[in-house]
Amino acid sequence: MVVATSVGEEGLDVASTDLVIFYEPVPSEIRTIQRRGRTGRNRPGRVVILMAKGTRDEAYYYSSLRKEKTMKERLVSLQRRESEPEKEEEEGGQSTLLDFDSMH
């Protein structure tokens with residue numbers, strides 16, 4: 001068993017980890033994804049997030065879920081545009097992620 005601070009959720013790589021317990025949710029979708037990434041690398045894993053009902057824990061949890069869903073929807077939309085670049089070019093906009101990168 002390993003007990004770690006937030007450094008563990010971003011910096012440690014324990015390949016055999018199949019259970020991660022978090023003592024609070026976070027409102028950031030990026031941190032939520034990183035946290036989940038600590039488990040299930042070699043076999044199915046499980047993440048448990050402890051929350052107190054009726055507190056900001058619930059708001060943080062649902063906020064990160066909503067943000068993650070929005071992020072996934074945007075990625076799918078960009079992937080669709082990648083597969084249909086001629087349509088986007090006709091509209092005069094950015095057609096691919098590579099076009100965005102070359103603009104900056």
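Note that the numbering runs from 1 along the sequence shown for the chain.
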Any side-chain heavy atom of M71 sitting closer than 4.5 Å to one from I30?
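Yes. Closest side-chain heavy atoms under 4.5 Å.
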
Do R81 and S77 come within less than 4.5 Å of each other through their side chains, counting heavy atoms only?
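Result yes, sub-4.5 Å side-chain heavy-atom pair found.
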
Is the side chain of [X] donor-acceptor paired with the backbone N or O of [Y] at a distance under 3.5 Å, no angle test?
X: K67; Y: P27; result: yes
X: T70; Y: R66; result: yes
X: D57; Y: A52; result: yes

Could you tell me which residues satisfy side-chain hydrogen bond (donor to acceptor under 3.5 Å, both in side chains) with E58, sequence neighbours excluded, listed by chain and number?
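Here no residue qualifies.
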
For V20, which fellow cluster members are found when Ile, Leu, Val, Met, Phe, Trp and Tyr are connected by side-chain heavy-atom distances below 4.5 angstrom, either directly or through intermediates?
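Hydrophobic cluster check, V20: joined to F22, V47, I49, M51, Y61, Y62, L65.
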
Hydrophobic cluster of I21, others only, ordered by chain and residue number, side-chain cut-off 4.5 Å:
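Members other than I21 - counting any ILVMFWY side chain reachable under 4.5 Å - are L19, Y23, V48, L50.
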
Ionic contact status for [Y] with [X], cut-off 4.0 Å:
X: E29; Y: R74; value: no
X: R36; Y: E68; value: yes
X: R43; Y: D18; value: yes

